[in-house]
Trainee: 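Below are the structure tokens for one structure; questions will follow.
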Amino acid sequence: MLKECWSNVQEKKPLVHNITNYVTVNDVANVLLACGGSPIMSDEPEDVEDITSICGGLNINIGTLNSGTIQGMLRAGHRAAELGHPILLDPVGAGASKLRTDTAYTLVKELPLTVIRGNISEIRTIANGSGTTRGVDADVADAVTEDTLPAAVAFAKELAKRLNVILAITGAIDIVTDGGKAYVIRNGRPEMGKITGTGCQLSGLATAYVVANPEQQTEAVATAVALMGVAGEIGWERMLPGDGNATYRNRIIDAIYRMDGTTLEERARITEM
Amino acid sequence: MLKECWSNVQEKKPLVHNITNYVTVNDVANVLLACGGSPIMSDEPEDVEDITSICGGLNINIGTLNSGTIQGMLRAGHRAAELGHPILLDPVGAGASKLRTDTAYTLVKELPLTVIRGNISEIRTIANGSGTTRGVDADVADAVTEDTLPAAVAFAKELAKRLNVILAITGAIDIVTDGGKAYVIRNGRPEMGKITGTGCQLSGLATAYVVANPEQQTEAVATAVALMGVAGEIGWERMLPGDGNATYRNRIIDAIYRMDGTTLEERARITEM
Amino acid sequence: MLKECWSNVQEKKPLVHNITNYVTVNDVANVLLACGGSPIMSDEPEDVEDITSICGGLNINIGTLNSGTIQGMLRAGHRAAELGHPILLDPVGAGASKLRTDTAYTLVKELPLTVIRGNISEIRTIANGSGTTRGVDADVADAVTEDTLPAAVAFAKELAKRLNVILAITGAIDIVTDGGKAYVIRNGRPEMGKITGTGCQLSGLATAYVVANPEQQTEAVATAVALMGVAGEIGWERMLPGDGNATYRNRIIDAIYRMDGTTLEERARITEM
């Protein structure tokens with residue numbers, strides 16, 4: 001599964017339209033190039049429809065949203081929807097401010113999203129706003145650990161089904177589910193949290209992977225999650241004494257650039273639940 | 001003093017709200033993670049009040065200001081002030097354009113700033129606009145050297161007292177003063193000037209340091225200045241033949257990531273004046 | 001020629017005003033510092049006239065344009081023109097969206113551009129919109145190869161003459177022409193295409209080079225193109241096993257930082273056509 005998803009990206013070189021934050025945008029562009037895809041960035045409402053039309057998929061990240069880019073997200077999203085392009089939402093900071101939470105709700109409601117990728121806190125915020133009682137996530141803790149995993153998977157499956165999306169909840173343990181099957185991925189390193197934007201990069205990768213794997217999109221997202229984690233491990237192995245998070249940032253993107261399908265398949269720690 | 005300030009940042013992991021330029025924003029985020037803090041970026045006026053409320057302090061940098069972000073700076077600043085959060089201003093380019101100069105004046109006038117950090121030219125611009133005759137800095141040269149240091153320290157003390165802020169004037173020799181005591185720091189390397197954003201990074205660090213050291217904020221700023229300088233020295237020691245400013249940029253952030261309080265204390269060259 | 005152009009940049013340290021995209025802006029700033037120049041970024045319409053006035057030249061890149069920055073480009077451009085500063089246009093994505101194409105046309109029509117730098121597809125779009133029949137580029141293929149080179153050079157010369165600009169068409173083989181002489185440059189590596197923003201960086205370099213070489217601007221652009229290519233080759237020679245596009249990005253900027261005029265002159269592969 002992973003090898004095949006990986007090969008499809010190499011072959012099809014998916015072009016991804018990114019409306020993303022200005023903090024990590026350069027890394028998102030370079031990681032898309034590293035994985036075999038291509039990035040275009042555009043957030044101006046008057047520009048996004050044309051740009052998304054020539055791409056294969058749309059990656060929406062609300063990390064530094066503003067009133068102009070929110071309009072860009074909606075216009076790009078509606079156009080991508082018309083064209084049948086996959087759309088990924090990365091609801092950065094949903095729950096941390098009213099504007100972010102409301103924008104995430106609006107995007108979930110108005111656009112036929114293919115994937116939502118966030119941390120457990122952002123995804124709980126999405127769950128709370130999606131039309132059910134607040135109690136929906138009462139059993140879901142603030143972090144996904146081995147202890148809380150079964151409850152988190154159940155929560156994720158239910159929410160994915162309800163929203164009709166592929167859900168990727170990432171953290172120390174990652175969960176990818178379409179409401180039916182769920183993949184649990186145990187790759188990566190805690191030091192990845194000391195680099196800004198590894199989540200944003202993963203959202204870019206996941207978009208490229210679903211574009212290139214239309215017939216196995218859930219597997220594609222799980223592969224992208226494993227790819228990021230394995231790259232985090234390989235990048236860490238190459239760290240020298242004195243290296244820190246700036247060098248680690250480069251090492252991870254380098255590892256994605258150098259990845260091959262066999263290594264990815266062998267090192268990925270994916271189970272179904 | 002330095003070791004204690006450094007330890008407090010490790011322990012408290014201050015969350016810093018940054019309204020900063022899009023040129024160096026990624027480095028500011030990574031350096032905040034490297035030092036033990038956490039960054040959030042948000043400049044949209046409708047978003048900033050919520051975001052600053054969940055943070056410990058606010059870092060305002062006018063490097064690529066626009067009409068929207070200026071509103072964001074003011075709204076975030078007023079909210080941070082209400083909450084008693086420390087606010088740092090980095091008046092990038094004050095003196096170089098009317099908009100930057102006016103914006104710096106407005107922020108100085110309207111917000112109860114905790115720290116202003118800039119180069120001597122920017123700080124002179126601030127001095128000129130803060131209600132005294134233009135002659136206030138007649139004795140202050142364009143660069144702080146050993147020769148001009150006494151005059152620069154006197155100028156800095158007077159201005160810090162008048163504005164009721166901690167002033168950090170950085171260059172080949174750095175000055176940090178609250179109007180009473182003044183710290184002079186002689187760390188760093190000239191090659192740091194060949195990397196974009198080392199000043200912006202320092203402003204991020206200084207904000208994190210004052211948040212984590214509420215009872216010794218002047219010492220906290222001096223420690224942050226020394227930290228940046230020592231990291232610049234350690235980073236340079238790790239340069240290999242062929243390495244240039246791009247690698248040096250990474251090495252400095254890496255050195256902050258790997259810093260320990262004892263090394264910082266030993267290598268810092270701080271004197272009181 | 002190359003050594004002299006290179007020396008002039010070292011000596012004059014040109015200050016370049018950049019209105020550029022937020023994806024690659026940090027690399028543009030660092031590459032300008034690496035080459036011996038200095039960058040200022042400003043896109044706010046109310047700020048750009050003052051900023052461009054203190055600079056030596058203006059680099060306009062439409063990679064992530066929006067309605068505000070388009071106004072900034074025009075206001076900065078008109079002011080730079082009044083002051084006789086060289087202006088470079090990098091029409092990123094012209095042809096990919098109506099807004100980008102129209103903006104490129106407007107800038108070409110309204111501003112007395114000194115240089116236009118783009119890939120063959122962007123330059124063809126410029127040609128189509130510049131007042132001649134669409135057939136003008138009928139003989140120009142989608143990529144410049146040894147086979148299509150003569151037709152591409154003829155096309156470039158004709159367009160440069162018609163627009164009264166220096167044209168730099170970059171790709172596997174690069175062409176620089178002012179309508180009279182044409183320089184063909186065969187440096188660089190295909191892996192540079194796997195890094196975001198090498199084109200944007202080159203536009204920054206080329207602007208610095210024309211500012212510092214007012215009496216040989218065509219040669220200055222050709223030198224900047226060769227510099228980027230040679231740096232790409234030197235950077236690649238320093239790659240270690242496991243390194244990828246993120247490290248390569250740093251290595252190229254490092255190589256520009258470490259370049260000397262003699263090495264550049266010896267390694268450049270420039271011919272006149």
Side-chain angles (χ1 to χ4, degrees), chain A residues 20-31 41 43 61-73 92-104 121 125 190-201 239-254, chain B residues 13 15 17-55 64 66 68-69 71-72 76 201 231 234-235 237-240 246-259:
Chain A
T20 187
N21 66 75
Y22 58 79
V23 185
T24 65
V25 59
N26 185 270
D27 292 333
V28 171
N30 273 328
V31 88
M41 275 64 182
D43 58 39
N61 175 307
I62 66 170
T64 53
L65 79 186
N66 65 49
S67 50
T69 56
I70 294 171
Q71 290 314 306
M73 292 169 191
V92 180
S97 77
K98 187 171 184 319
L99 183 67
R100 286 165 194 252
T101 304
D102 288 352
T103 301
S121 156
T125 299
E191 293 85 356
M192 296 172 80
K194 302 290 274 184
I195 303 169
T196 191
T198 48
C200 307
Q201 290 178 42
M239 295 282 277
L240 301 173
D243 285 350
N245 61 334
T247 292
Y248 190 28
R249 180 254 291 250
N250 292 318
R251 292 267 171 261
I252 295 174
I253 299 176
D254 284 355
Chain B
K13 305 182 191 315
L15 185 55
H17 176 197
N18 302 276
I19 303 181
T20 188
N21 66 75
Y22 58 78
V23 184
T24 65
V25 59
N26 185 269
D27 292 332
V28 171
N30 274 329
V31 89
L32 277 165
L33 287 162
C35 86
S38 267
I40 303 186
M41 275 65 181
S42 167
D43 59 39
E44 159 62 40
E46 296 297 322
D47 195 49
V48 293
E49 292 174 355
D50 284 356
I51 294 297
T52 222
S53 299
I54 59 170
C55 292
T64 52
N66 65 49
T69 56
Q71 290 314 306
Q201 291 178 41
I234 294 174
E237 291 161 11
R238 296 192 62 233
M239 295 282 277
L240 301 175
T247 292
Y248 190 29
R249 179 253 293 252
N250 292 319
R251 292 267 171 261
I252 294 174
I253 299 176
D254 284 355
I256 289 168
Y257 184 88
R258 292 288 178 190
M259 191 68 66

Trainee: Check whether B/T20 gets within reach of chain A through its side chain, its backbone, both or neither, counting any heavy atom under 4.5 Å.
Mentor: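 For B/T20, backbone heavy atoms alone lie under 4.5 Å from chain A.
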Trainee: As an exercise, state the distance from CD1 of B/I51 to NZ of A/K98, rounded to the nearest 0.5 Å.
Mentor: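 These two atoms lie 13.5 Å from each other.
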Trainee: Counting only N and O atoms by type, is there a donor-acceptor contact under 3.5 Å from the side chain of B/D254 to the main-chain atoms of A/D243?
Mentor: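 It does not hold such a pair.
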Trainee: I'd like to know which of B/I253, B/V31, B/N26 tops the heavy-atom pair count under 4.5 Å against chain A.
Mentor: B/N26
Trainee: Using non-hydrogen atoms only, which part of A/N21 is less than 4.5 Å away from chain B: side chain, backbone, both, or neither?
Mentor: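 Neither the backbone nor the side chain of A/N21 comes within 4.5 Å of chain B.
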Trainee: Does any heavy atom of chain B fall under 4.5 Å from the side chain of A/T103, the backbone, both, or neither of them?
Mentor: neither
Trainee: Got a sec, which residues hit salt bridge (Lys or Arg N to Asp or Glu O under 4.0 Å) with A/R249, two or more places apart in sequence or on another chain?
Mentor: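 Salt bridge (Lys or Arg N to Asp or Glu O under 4.0 Å) check on A/R249 returns A/D27.
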Trainee: Closer than 3.5 angstrom, by distance alone: can the side chain of A/N245 be matched with the main-chain N or O of B/N30 as a donor-acceptor pair?
Mentor: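 Between the backbone of B/N30 and the side chain of A/N245 there is a qualifying donor-acceptor contact (under 3.5 Å).
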Trainee: Under 4.5 Å between any side-chain heavy atoms of A/Y22 and B/T64, yes or no?
Mentor: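 They are not in contact (no side-chain heavy atoms under 4.5 Å apart), so the answer is no.
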Trainee: Below 4.5 Å, heavy atoms only, C-beta onward: do B/D50 and A/L99 meet side chain to side chain?
Mentor: no
Trainee: Please rank B/E49, B/R238, B/M41, B/E46 by heavy-atom pairs under 4.5 Å with chain A and give me the top one.
Mentor: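 The option with the most such pairs is B/R238.
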Trainee: What residues, two or more places apart in sequence or in another chain, satisfy side-chain hydrogen bond (donor to acceptor under 3.5 Å, both in side chains) together with B/S42?
Mentor: B/D47
Trainee: Could you please spell out the steps behind the side-chain contact (heavy atoms from CB on, under 4.5 Å) verdict for A/T247 and B/R251?
Mentor: CA-CA 7 Å; A/T247 292; B/R251 292 267 171 261; 3.7 Å; yes
